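For reference, the structure discussed in these notes is given below.
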Amino acid sequence: MRLDFSVEIPLPPAALYDYLRSPTEWSRLYGSFGDVEDRGDGWYAVPLRRSPFPLGTRIVEDQANRRVAWEFAGFWKGTGEVDLEPTDTGTLGTGQETVHIPHMLGLGPVIERRLLEQAVRAIWDAGWHRLRRMAESNAQPRP
């Protein structure tokens, strides 16, 4: 399952980067994550609500206020990236996230298409929505 996005948020790149730069920050933005556990060597376990399997993830590219990329390992496999480009009215966030469930005995693509894509899209949409609300109210998003 691959999700591509291009979203303009009326905040500077640094404001978006603060929430994307580390898996430890993701739970501040995305309400579907629990407390993040540091697994060492840059790896984190990011619990997903309604899933017994956390995201095993680490940042593989970090360009402050410009780009963040990560990979998943463990039950979930995949990659993701967000590029942040300043605009006249804020920041254009473009990128993608690819997530696969390789351990499903051939059912992975069906489950990804029917369940996972909708859930991943909802997580991203919730984050973009919170950032827009933050821009409108000058408040911090609530986890």
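Small disclaimer: the values here were computed from a predicted structure and weren't measured. Just so you know, residue 1 is the first one in the sequence shown, and it goes up from there.
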Side chain to side chain contact (heavy atoms under 4.5 Å, CB included) between Y19 and L131: does it pass, once the steps are laid out? CA-CA 10 Å; Y19 295 100; L131 286 166; 4.0 Å; yes
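- Contacts of R132 classified as salt bridge (charged side-chain N to carboxylate O under 4.0 Å, His left out), with partners at least two apart in sequence or in another chain: none.
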Derivation of the side chain to side chain contact (heavy atoms under 4.5 Å, CB included) call for F75 and L55: CA-CA 8 Å; F75 179 80; L55 289 173; over 6 Å; no
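- Atom CG in L20 sits 7.0 Å away from atom CG in L29 (nearest 0.5 Å).
- Between the side chain of W128 and the main chain of G93, no donor-acceptor pair closer than 3.5 Å is present.
- The heavy-atom pair separating G42 from R58 by the smallest distance is O-CB, 2.9 Å.
- Under the salt bridge (charged side-chain N to carboxylate O under 4.0 Å, His left out) criterion, R66 pairs with no residue, sequence neighbours left out.
- Ring pair F5/W124: centre-to-centre distance below 6.0 Å.
- Residues forming a side-chain hydrogen bond (donor to acceptor under 3.5 Å, both in side chains) with E8 (at least two apart in sequence, or on another chain): T87, T89.
- Taking every heavy atom of both residues into account, P86 and L84 meet most closely at CD-O, 4.1 Å.
- Listed here is the closest heavy atom pair of E81 and R67: OE1-NH2, 3.1 Å.
- Taking the six-membered ring wherever Trp is involved, the centroid distance between the rings of Y44 and W26 does not fall below 6.0 Å.
- Interatomic distance, R130 CZ to M134 CE, rounded to the nearest 0.5 Å: 12.0 Å.
- Here salt bridge (charged side-chain N to carboxylate O under 4.0 Å, His left out) pairs that include residues 118-128, with residues two or more places apart or in two chains, are E117-R121.
- Of the possible polar contacts, one joining the T91 side chain to the L11 backbone as a donor-acceptor pair under 3.5 Å is found.
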Given I59 and V68, is the side chain to side chain contact (heavy atoms under 4.5 Å, CB included) satisfied, shown in steps? CA-CA 7 Å; I59 301 298; V68 178; 3.8 Å; yes
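- Contact detail for P23 and T57: the closest heavy-atom pair is CG-CG2, 3.7 Å.
- Of all heavy-atom pairs spanning F72 and W70, the tightest one is CZ-NE1, 3.4 Å.
- By the 4.0 Å N-to-carboxylate-O rule, E136 lies too far from R133 to be salt-bridged with it.
- Within the structure, the salt bridge (charged side-chain N to carboxylate O under 4.0 Å, His left out) test picks out no pair touching residues 85-100 (sequence neighbours left out).
- Shown here are the salt bridge (charged side-chain N to carboxylate O under 4.0 Å, His left out) partners of D4, two or more places apart in sequence or in another chain: R2.
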Please walk me through it: do W43 and E71 pass side chain to side chain contact (heavy atoms under 4.5 Å, CB included)? CA-CA 10 Å; W43 286 97; E71 67 179 341; 3.6 Å; yes
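- For the pair S6 and L92, the minimum side-chain heavy-atom distance is below 4.5 Å.
- Under the 4.5 Å side-chain heavy-atom criterion for grouping Ile, Leu, Val, Met, Phe, Trp and Tyr, F53 is connected to M1 within one hydrophobic cluster.
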Could you check Q96 against T98 for side chain to side chain donor-acceptor pair (under 3.5 Å), going step by step and ending with a plain yes or no? CA-CA 7 Å; Q96 62 84 24; T98 303; 2.7 Å; yes
